[in-house]
Student: 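Just passing along the structure, written as structure tokens.
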Amino acid sequence: MKRHHDEAPVAAPAAREPIPFSPLPTALCAEAMPCIPAAAEPLQHLDGAPRLSVIVIVYRMPRQAMNTLRSLAAGYQRGVTPADYEVLVVENESAEMLDAAAVAALGPQFRYYARREVEPTPVHAINYAASLARANMIAVMIDGARLLSPGVVSYALAAQRLTRDAIVALPGYHLGEKLQQEAMLAGYDENVERELLAKIDWPADGYRLFEISCLSGTSAGGWFKPMGESNFVAVSRELWHRLGGFDPRFNETGGGQVNLDFYKRACELPDTVPVVLAGEGSFHQFHGGITTGQAGEIRRAIMAAHFAQYAGLRGGPYKPPDKRPIVLGAFPDNAMKTVELAARTVRMARGEV
Amino acid sequence: MPGANPVLSVVVIGFRMAAQLANTLFTLGPRYQRNVERLDYEVVVVENESDDCLDRAQLDALPANFRYFRRREQGRSPVAAINLGFAESRGDYIGLLVDGARMLSPRVLEYATLAWRMDSDSITTVPGYHIGNEQHHAISDASAAYAAEAALLASIDWRANGYLLFEVATIGGGNRNGYLQPFMESNCVFASRRHFERIGFADARFQLDGGGSINLHIFRALGMHPRTRLVVLPGEGSFHQYHGGVTTRAREDRAAELAAHKRQLHGIWNEGFHSLRREPFLLGAVTPWAMPLLEHSARMGQVRHQRLRGLGQPLWQDDEDLAADRYFNPTAPRRVIEDSGT
């Protein structure tokens, strides 16, 4: 069984008994507005260090992970140079490993670490990578199967200027017309996905990913509703330490709900400001992950264990943070349809349409 | 009180609209604008003399960080008043409201300052609305319009929560397809002083009634530089109050007046004037009140994209012509702004 993390649905499947401790939906953001006082400090940079460390966790998905890393290379990421950021690739050992030389060939900002893991969780790999990070801002991609759109690094650097207490997040998408846990039941697999990527001539223009994808469960309804998690989440080094990194008690497969837990804990600190790069995204590739690549009862049992662990550690089911985010960035034309949907969803939730 | 060198100066021009100007100035004050407690800013008000100027009580009500200048204008244009405002302003960052009848939503100053902190070459604007449910130039009965607008404003406690203005407003005609399109005009624009200097502040050739299209000219001139970045605040708005403005009231010669404005504008822009065709960068929280315009903007953006794609034309022609980078690279070497005029 692959032990890779991915997001949980916001609600249990229809016509089934809900899984105990299923995450609670949060329809709307709080009325309170985000506040970045004029005196807020931008994030200061460390001399001689890159400005952003991106941690990518990989386990038994070399093809998908190489695509993800390509989407982090300079050139694909626009407006930045290799000196601006570093990518820390940490791979837990398995029978299917990345080619370290191929990773190194992507650019001088890529650093690769293979490690042995005894628990089925990526949490220790994440915290290990954070200890190696040189930048004053740390971004975590818990799922190495997530392709990025081309403005993510650039706009994360822009967010640093707003306040050192920014939490940079991205809406999540699944490649394909439907959520992959549903699509796989109708035959969606790696071959279908390869064809999809070929159709948009990926990676020539990364924004075309919007044309072949749908919003994932924890981003459903778009980014004007509270998001459950972000598969690219960046915080300052100081904030990282204040939160104690990712909580190592999340030792369920794929880390269970640790990614949601980190995002929520960060958002719920009183002085932090979520900044959503609304015109960007992370796009999940199919890879037989713990919650996106398993069918039926197996998936249900896994989810139940994840939810139960979260409830055990935090005293109840997960509820997305409702702090209203700041939107930052341009909206590429390919994303315009999703923008419209996101705005309409909020209006429907408010009973306006 | 602002210090001797406030960071931000907001220049507001008024002429024969005391009630509306007083409302606008309230929306710029520290009691109304949110999260500005630590922002050192000033508001420079320049009013051309008329039979409807701010009175003593209205002047006394201005907050301590406001400075007021009244001047006599022989002509019909606000250009000299605008340039007096620039000359009196002290901030390195300047906001300009050419039309003092434009009330603002409560986070315009906070977010505009954030945009400047993010990129000091940013040109920041907010979407425009009209108070009421029809475009102001279509209103034929002026006295009824004043009364209706006063009643509308009295029906909401906008002084306590300025976002309620969205509930009594209509999308403005200047950018009727929303803000994910080329921007024709901005009645509330923020930019570094050096960018206003680069374009020669307000161009003195705009001497037509109301300054003609001076606001369109300033906005495009600011935007047509490869270093500038167009920032739109999608959750905020500027709200036009009815006041018998040159182009925002019904008049028999409105078409001829607009034609004269257009002629002048096209004469000044050698290649012909058009809206600023640069991709907007969005910044700020989107309140539920502003969601309808975002939805509309996204819908109209798709229509435009499909049309242009079919024609094989670029979406953001000016970005292409200027070879502008929509991304943000803080480590890229900064080029000195060339004094290239417009």
Side-chain angles (χ1 to χ4, degrees), chain A residues 28-29 31 33-40 42 45 50-51 77-81 83-84 150-151 153-163 223-224 273 275-276 278-279 324-347 349-350 352-353, chain B residues 7-8 34-41 106-107 109-111 113-119 163 180 229-235 279-288 290-306 308-309 315-316 325-332:
Chain A
L28 291 168
C29 291
E31 287 297 318
M33 295 285 289
C35 170
I36 301 183
H45 295 290
R51 289 163 184 256
Q77 285 297 319
R78 301 181 195 177
V80 290
T81 68
D84 294 327
V153 173
S154 162
Y155 293 161
L157 297 181
Q160 296 179 349
R161 289 283 187 96
L162 304 182
T163 169
W223 45 89
F224 301 119
V273 181
V275 176
V276 174
R324 188 180 296 280
I326 294 238
V327 168
L328 181 108
F331 287 155
D333 59 310
N334 323 61
M336 217 54 89
K337 197 171 175 182
T338 317
V339 176
E340 185 186 352
L341 169 75
R344 192 164 184 80
T345 302
V346 169
R347 298 186 66 208
R350 289 172 59 83
E352 293 176 357
V353 286
Chain B
V7 171
L8 166 66
R34 301 189 194 176
N35 303 332
V36 294
E37 297 80 6
R38 306 280 298 275
L39 173 65
D40 193 357
Y41 78 101
R107 278 187 173 74
L109 298 191
E110 178 192 359
Y111 289 153
T113 307
L114 275 183
W116 191 59
R117 184 193 297 173
M118 181 187 74
D119 183 353
Y163 288 109
L180 298 172
R229 178 194 305 279
L230 174 61
V231 176
V232 175
L233 310 182
E279 183 168 29
F281 187 99
L282 306 187
L283 177 65
V286 184
T287 59
M291 216 53 89
L293 181 55
L294 177 59
E295 186 184 341
H296 175 70
S297 300
R299 187 163 53 245
M300 298 313 291
Q302 291 170 68
V303 172
R304 174 173 176 267
H305 295 165
Q306 277 165 9
L308 291 182
R309 214 177 277 137
L315 297 177
W316 307 106
D325 185 359
R326 57 174 273 200
Y327 298 96
F328 182 91
N329 184 352
T331 51

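Worth knowing before you read on, the calculation uses all heavy atoms, side chains too, and leaves out hydrogens, waters and symmetry mates. Below, chain A is the first sequence line, B the second, and so on; all start at residue 1.
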Student: Which atom names give the shortest non-hydrogen contact between B:Leu294 and A:Phe331, and what distance separates them?
Tutor: CD1-CE1, 4.0 Å
Student: Which bit of B:Pro292 is near chain A, if near means a heavy-atom gap under 4.5 Å: side chain, backbone, both or neither?
Tutor: both
Student: So which atom in B:Tyr327 and which in A:Ser154 form the shortest heavy-atom distance, rounded to 0.1 Å?
Tutor: CB-OG, 3.4 Å
Student: Tell me whether A:Arg324 contacts the main-chain N or O of B:Val286 through its side chain, where contact means a donor paired with an acceptor under 3.5 Å.
Tutor: yes
Student: How long is the gap from CG on A:Asp333 to CH2 on B:Trp316, to the nearest 0.5 Å?
Tutor: 9.0 Å
Student: So for B:Gln302, is it side chain, backbone, both, or neither that comes closer than 4.5 Å to the heavy atoms of chain A?
Tutor: both
Student: Under 4.5 Å between any side-chain heavy atoms of A:Leu162 and B:Leu283, yes or no?
Tutor: yes
Student: Measure distances from B:Pro288 to the heavy atoms of chain A and classify the residue's part below 4.5 Å as side chain, backbone, both or neither.
Tutor: both
Student: At their closest point, which heavy atom of A:Glu340 faces which heavy atom of B:Ala298, and how far apart are they?
Tutor: N-CB, 3.6 Å
Student: Given heavy-atom pairs under 4.5 angstrom as the criterion, report whether the side chain, backbone, both or neither of B:Leu315 touches chain A.
Tutor: side chain
Student: Which value, rounded to the nearest 0.5 Å, describes the distance between B:Glu110 atom CD and A:Ile326 atom CD1?
Tutor: 6.5 Å
Student: At their closest point, which heavy atom of A:Met336 faces which heavy atom of B:Leu180, and how far apart are they?
Tutor: SD-CD1, 3.5 Å
Student: Out of curiosity, B:His305 NE2 to A:Lys337 NZ, how far, rounded to the nearest 0.5 Å?
Tutor: 14.5 Å
Student: Of the backbone (N, CA, C, O) and the side chain (C-beta and beyond), which part of B:Arg304 lies under 4.5 Å from a heavy atom of chain A, both, or neither?
Tutor: neither
Student: Considering all heavy atoms of both residues, which atom of B:Met118 and which atom of A:Arg161 are nearest to each other, and what is their separation?
Tutor: O-NH1, 3.2 Å
